[in-house]
2 protein chains.
Amino acid sequence: MPAPSIRARVRAEMLDEIKAVALRHLATDGANLSLRAVARDMGMVSSAIYRYFPSRDDLLTALIIEAYDALGEAVEAAADDPDLHDLRARWMAACRAARGWALAHPAEYALLYGSPVPGYAAPDDTVGPAQRPPLTLVGLLRDGLAAGLLSPPPAGELTASLHDDLTDLADVFFPGLPPALLARGMAGWTQLFGLISFELFGRLNRTIEHRDEYFDHQVGLLADLIGLPPPR
Amino acid sequence: MPAPSIRARVRAEMLDEIKAVALRHLATDGANLSLRAVARDMGMVSSAIYRYFPSRDDLLTALIIEAYDALGEAVEAAADDPDLHDLRARWMAACRAARGWALAHPAEYALLYGSPVPGYAAPDDTVGPAQRPPLTLVGLLRDGLAAGLLSPPPAGELTASLHDDLTDLADVFFPGLPPALLARGMAGWTQLFGLISFELFGRLNRTIEHRDEYFDHQVGLLADLIGLPPPR
DNA sequence: TACGAATCGAGAGCAGTGCTCTCGGCTGCC
DNA sequence: GGCAGCCGAGAGCACTGCTCTCGATTCGTA
């Protein structure tokens, strides 16, 4: 492999620096990222940014993919912590990791899970990284089932067409996973998203002060619903 | 009471028309509402809008309050349907009403529950209307408890400080409601928000086709967790 | 090594935005 | 009837994303 030319290396550094500056702006000024402000911060003129990102949306997409991967990595690392042998502890750790990342990167979380920007349609590059957290959670359920720690929910509780939808979905990622268990995993993911969003978007203000305990309790409730083995 | 002057009546009509046009723009163009576009649609010049709303944020706030009230009214009406005597049926109806309203008014739902606009801080006028849906849900639990249809969850499952937070919160709206039951009600509200947001923001695309059944199933799961009497 | 091609930053410019201010015409109240 | 308050139009400011052109620099290659 030939050494990358100076120009190519400078270009890669510029891409990284633009993303870093844009992230800083996102954190301070909120979601409406200004390309011109980013350019000013870099001592450049706004049109120069377009040498690196064809449009503002493309820059946002790059940031979104990086954020999805950072969140996904945090969740996966927590779920795969070798110190945790307890299934419920792994589930809990994954959820806490997601919340911790979100609290540490609120602007990026809002970028990922807030209302979609009007004209913006998520490109296909984002769907893979976006699936990492929910796949991690459902993967824990598959592990638990394989280890005999989980009993599959009664099959009769799903309608036929919903059973088919969930079976098709399971076949893509977790062949053989009982569809009712997949539904419970998605319920857990939905709850996790709701808990984090409510906390981050201020819906817990002036109501819940002890956020950590509230979060743990609510996640624990859903762990019970899913059928994870009780703690201890 | 004196008849309102012509000018006052015209002004009220203008306020309504501006809001109506803004809502149309919100539905078609997405969240970044353009005051100038609204003015153009009304055959006015942009500065004239400022005679009625001091800023774009104030117009948005007016729309938000109206949307919160419309959603709250839909949920309350569904929960109080006199034809429903079954507690679980009322819970189900309330949740379905929220989803139905959101699907019918996606832009307004995004305005209410999407990522908060950067500079925008929700004024106090919005907190009352915003609380109507969750209060309706928790109110159902209070009714069920009073009617002996619900058994309060074991008290020992909450930490002391979380117990205090929830007791304080309950005292404001539902004095005497067991805090653990309040937590379950909030879990239901969180789940409802998550389900609707995921569906509306496209996270169910290419995975779940039978959305109605999926929604009913997931809401039913949480109803079980809360301890609502089984169906039939 | 020299030359043509590709890349890059600067600058001007376009269409759009929220918002302010001033200037007239109109309305409503004393 | 007159005066104060309301209202729409218009100009203007600072800002945005984005396009285009123009030199300067760098690259790959002959």
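Fair warning: this is a prediction, and the values are worked out from it, not measured in the lab. Per chain, numbering begins at 1; letters A, B, ... match sequence-line order.
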**Report entry** Minimum-distance nucleotide (side-chain atoms of R56(A) versus dA10(C), dT17(C), dC18(D))
**Finding:**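 Out of dA10(C), dT17(C), dC18(D), the nucleotide with an atom closest to R56(A)'s side chain is dC18(D).
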[X] [atom1] - [N] [atom2] separation (whole Å):
{"X": "L33(B)", "N": "dG18(C)", "atom1": "CG", "atom2": "P", "result": "7 Å"}
{"X": "L15(A)", "N": "dT7(C)", "atom1": "CG", "atom2": "C1'", "result": "13 Å"}
{"X": "Y50(A)", "N": "dT16(D)", "atom1": "OH", "atom2": "C1'", "result": "9 Å"}
{"X": "L35(A)", "N": "dT19(D)", "atom1": "CG", "atom2": "P", "result": "11 Å"}
{"X": "I49(A)", "N": "dG11(C)", "atom1": "CD1", "atom2": "P", "result": "15 Å"}
{"X": "I18(A)", "N": "dG17(D)", "atom1": "CD1", "atom2": "C1'", "result": "15 Å"}
{"X": "R40(A)", "N": "dG11(C)", "atom1": "CZ", "atom2": "P", "result": "14 Å"}
{"X": "E13(B)", "N": "dC6(D)", "atom1": "CD", "atom2": "P", "result": "19 Å"}

Query raised in the report: Mapping R36(A) and R51(A) to their closest nucleotides on DNA chain D, which lands nearer the 5' end?
Result: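 Upstream on the strand: R36(A).
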Requested in this report: Could you pick out which residue, A37(A) or S47(A), lies toward the 5' side of DNA chain D when each is mapped onto its nearest nucleotide?
Outcome: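 Checking each residue's closest nucleotide, the 5'-ward one belongs to A37(A).
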Query raised in the report: When the ring centroid of Y113(B) is compared with that of F201(A), is the distance short of 6.0 Å?
Result: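 Y113(B) vs F201(A): aromatic centres not under 6.0 Å.
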**Report entry** Distance-only donor-acceptor check, side chains Y109(A) and S197(A), under 3.5 Å
**Finding:**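 Note: Y109(A) and S197(A) side chains meet the donor-acceptor criterion.
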For [N], does OP1 or OP2 lie under 4.0 Å from any side-chain N or O of [X]?
{"X": "R11(B)", "N": "dC7(D)", "result": "yes"}
{"X": "Y52(B)", "N": "dG8(D)", "result": "yes"}
{"X": "R7(A)", "N": "dC27(D)", "result": "no"}
{"X": "S34(A)", "N": "dG17(D)", "result": "yes"}

Query raised in the report: Contact class for S46(B) (heavy atom, under 4.0 Å): base, sugar-phosphate, or nothing?
Result: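 It contacts base atoms.
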Query raised in the report: Base, sugar-phosphate, or nothing for M14(B), non-hydrogen atoms under 4.0 angstrom?
Result: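 Contact class for M14(B): sugar-phosphate only.
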Does any non-hydrogen side-chain atom of [Y] lie less than 4.5 Å from one of [X]?
{"X": "Y214(A)", "Y": "M186(B)", "value": "yes"}
{"X": "F215(B)", "Y": "L192(B)", "value": "yes"}
{"X": "F174(A)", "Y": "V138(A)", "value": "yes"}

